[in-house]
Amino acid sequence: MLENIINRVSCGRLTAPEPSAEQLELLFQAALRAPDHKGIKPWQYIVFSGEEQLNQLADLYLQASLLVEPDLEESKRVRILSLPHRAPMVIVAVAKSRNHEKVPHIEEVLSAGAGVQNLLLGAYDLGYGAYWRSGPLCFNPHLKTLLGLEQEDTMVGFIYLGTPSIALKAKPVPEVKDFVRFGLD
Ligand SMILES: Cc1cc2nc3c(=O)[nH]c(=O)nc-3n(C[C@H](O)[C@H](O)[C@H](O)COP(=O)(O)O)c2cc1C
């Protein structure tokens, strides 16, 4: 368990199959156990899988990009349309704004981030590959509207999921002493 947390790596080269419906249910159960101040459940996950849904997401990406930059050149349009097709499944992870008087939005974002990490760890544990991405679309207000979100919500990332098409390589673990201080010494 702890070993899998330490050894988890991201994988951007993803192919079919994606997690089954049963596995996805477990992955989301893990995500939905993220720490959550005041129990407000500030999360939403929007899943796109299969050609049709990935094309729909690509369309929204393009529409949102054109609303920011109407003269977007052709090569950039083609690239944007290709983005969701880097994996068989893309999940838009959202921190919902619950406007709780004791919970600032930063805590909702942190909670959603913890949920995403649970999802990544679960995917790794089940033998799938995953990659957490952001980029300009993550901060595009028009994409929020097109996805049915509120402007006060935060898209915390696009999670690409599938089967690694390359061997996963362990990464060096940073030196604990470089990041941790004990007391005031
Ligand atoms: C909020 C967030 C957004 C990220 N966005 C991107 C991204 O857009 N593109 C990218 O290549 N990596 C992005 N990353 C980093 C990768 O998900 C990954 O963590 C990084 O490549 C290191 O790989 P590792 O997880 O195997 O250590 C992001 C990470 C986080 C936490």
Side-chain angles (χ1 to χ4, degrees), residues 8-21 23-25 27-28 30-31 34 42-97 108-124 126-169 171:
R8 179 207 63 81
V9 284
S10 301
C11 179
R13 302 281 179 88
L14 298 166
T15 185
E18 71 253 42
S20 67
Q23 290 170 324
L24 205 57
E25 175 76 17
L27 293 178
F28 282 126
W43 321 298
Q44 188 168 97
Y45 296 94
I46 313 171
V47 182
F48 295 86
S49 70
E51 272 306 290
E52 193 183 331
Q53 288 183 358
L54 292 173
N55 281 335
Q56 286 169 348
L57 181 60
D59 263 3
L60 299 191
Y61 278 5
L62 185 58
Q63 280 182 55
S65 303
L66 287 170
L67 285 166
V68 172
E69 201 181 335
D71 300 330
L72 204 62
E73 58 193 67
E74 179 62 17
S75 63
K76 286 189 182 160
R77 293 180 193 220
V78 170
R79 180 170 178 278
I80 287 167
L81 286 174
S82 75
L83 292 177
H85 294 280
R86 293 182 289 192
M89 176 177 280
V90 181
I91 299 168
V92 185
V94 181
K96 294 293 293 178
S97 179
E108 298 174 315
V109 172
L110 289 167
S111 178
V116 170
Q117 178 68 356
N118 280 2
L119 192 70
L120 298 185
L121 288 169
Y124 182 76
L126 292 177
Y128 290 98
Y131 208 106
W132 184 347
R133 294 183 188 274
S134 53
L137 281 156
C138 205
F139 308 103
N140 182 314
H142 308 290
L143 186 60
K144 287 189 204 178
T145 306
L146 290 165
L147 285 168
L149 301 171
E150 307 296 332
Q151 284 310 314
E152 58 194 3
D153 300 336
T154 298
M155 292 183 284
V156 298
F158 305 112
I159 314 307
Y160 288 69
L161 266 181
T163 298
S165 60
I166 49 167
L168 296 186
K169 262 201 255 154
K171 289 189 178 158

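Of all the heavy atoms in Cys11 and Pro164, the pair that sits closest is SG-CB, 3.7 Å. Ala95 and Val156 get closest at one heavy-atom pair: CB-CG1, 4.0 Å. Among all heavy-atom pairs drawn from Leu161 and Ala123, the shortest one is CD2-CB, 3.6 Å. The shortest heavy-atom contact between Leu54 and Pro88 is CD1-O, 3.7 Å. Counting all heavy atoms, side chain and backbone alike, Ser111 lies closest to Trp43 at OG-NE1, 2.9 Å. For the pair Ala64 and Leu137, the tightest heavy-atom approach, listed with the atom from each and the gap, is CB-CD2, 4.3 Å.
Ile91 contributes atom CD1, which lies 11.5 Å from atom CG of Leu57 (distance to the nearest 0.5 angstrom). Here CZ of Arg77 is found 5.0 Å from CG of Leu66. Values are rounded to the nearest 0.5 Å. Atoms CZ and SG, on Phe158 and Cys138 in that order, are 4.5 Å from each other to the nearest 0.5 Å. Annotation: the span from Asn118 atom CG to Leu27 atom CG amounts to 10.0 Å, rounded to 0.5 Å. Taking CG from Asn55 and CG from Leu62, the interatomic distance works out to 12.0 Å, rounded to the nearest 0.5 Å. Considering CD of Gln56 and CZ of Phe48, their distance stands at 7.5 Å, rounded to 0.5 Å.
Judged by distance alone, with hydrogens and angles left aside, the side-chain atoms of Lys144 form a donor-acceptor pair with the main-chain N or O of Asp153 at under 3.5 Å. Without hydrogens or angle criteria, Gln53 side chain to Ser49 main chain gives a donor-acceptor distance under 3.5 Å. A donor-acceptor pair is defined here as one N or O able to donate and one able to accept, closer than 3.5 Å; such a pair exists between the side chain of Ser82 and the backbone of Arg79.
Heavy-atom neighbours of Glu69 CD from other residues, nucleotides or ligands within 6.0 Å: above the threshold of 12.
Relative to the ring axis of Tyr160, Arg133 places its NZ or CZ within 45° and under 6.0 Å from the centre.
You'll find the side chain of Arg86 stays beyond 4.5 Å of the side chain of Arg13, heavy atoms only. Contact annotation: the side chain of Leu24 approaches that of Val47 to within less than 4.5 Å [non-hydrogen atoms, C-beta and beyond]. No side-chain heavy atom of Glu152 sits under 4.5 Å from any side-chain heavy atom of Glu108. Counting heavy atoms from C-beta outward, Val68 and Asn140 have side chains that approach closer than 4.5 Å. A heavy-atom distance below 4.5 Å is found between the side chains of Met155 and Leu147.
For Leu110, the side chain to side chain contact (heavy atoms under 4.5 Å, CB included) test picks out Ile106, with sequence neighbours left out. Applying the side chain to side chain donor-acceptor pair (under 3.5 Å) rule to Tyr45 yields no partners; only residues at least two apart in sequence or on another chain are considered.
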Given side chain to side chain contact (heavy atoms under 4.5 Å, CB included), test Leu146 with Tyr61 step by step and report yes or no.
-> CA-CA 9 Å; Leu146 290 165; Tyr61 278 5; over 6 Å; no

* To do: Would you check, one step at a time, whether the test side chain to side chain contact (heavy atoms under 4.5 Å, CB included) holds for Tyr131 with Leu120?
  => CA-CA 8 Å; Tyr131 208 106; Leu120 298 185; over 6 Å; no

Please step through side chain to side chain contact (heavy atoms under 4.5 Å, CB included) for the pair Leu143 and Gln63, ending with a clear verdict.
CA-CA 8 Å; Leu143 186 60; Gln63 280 182 55; over 6 Å; no

Pair Ile159-Val90, side chain to side chain contact (heavy atoms under 4.5 Å, CB included): steps then yes or no
CA-CA 5 Å; Ile159 314 307; Val90 181; over 6 Å; no

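Between the side chains of Gln151 and Thr145, at least one donor-acceptor pair of N or O atoms lies under 3.5 Å. In summary, the side chains of Ser10 and Trp132 do not present any donor paired with an acceptor at a separation below 3.5 Å, with no hydrogens or angles considered.
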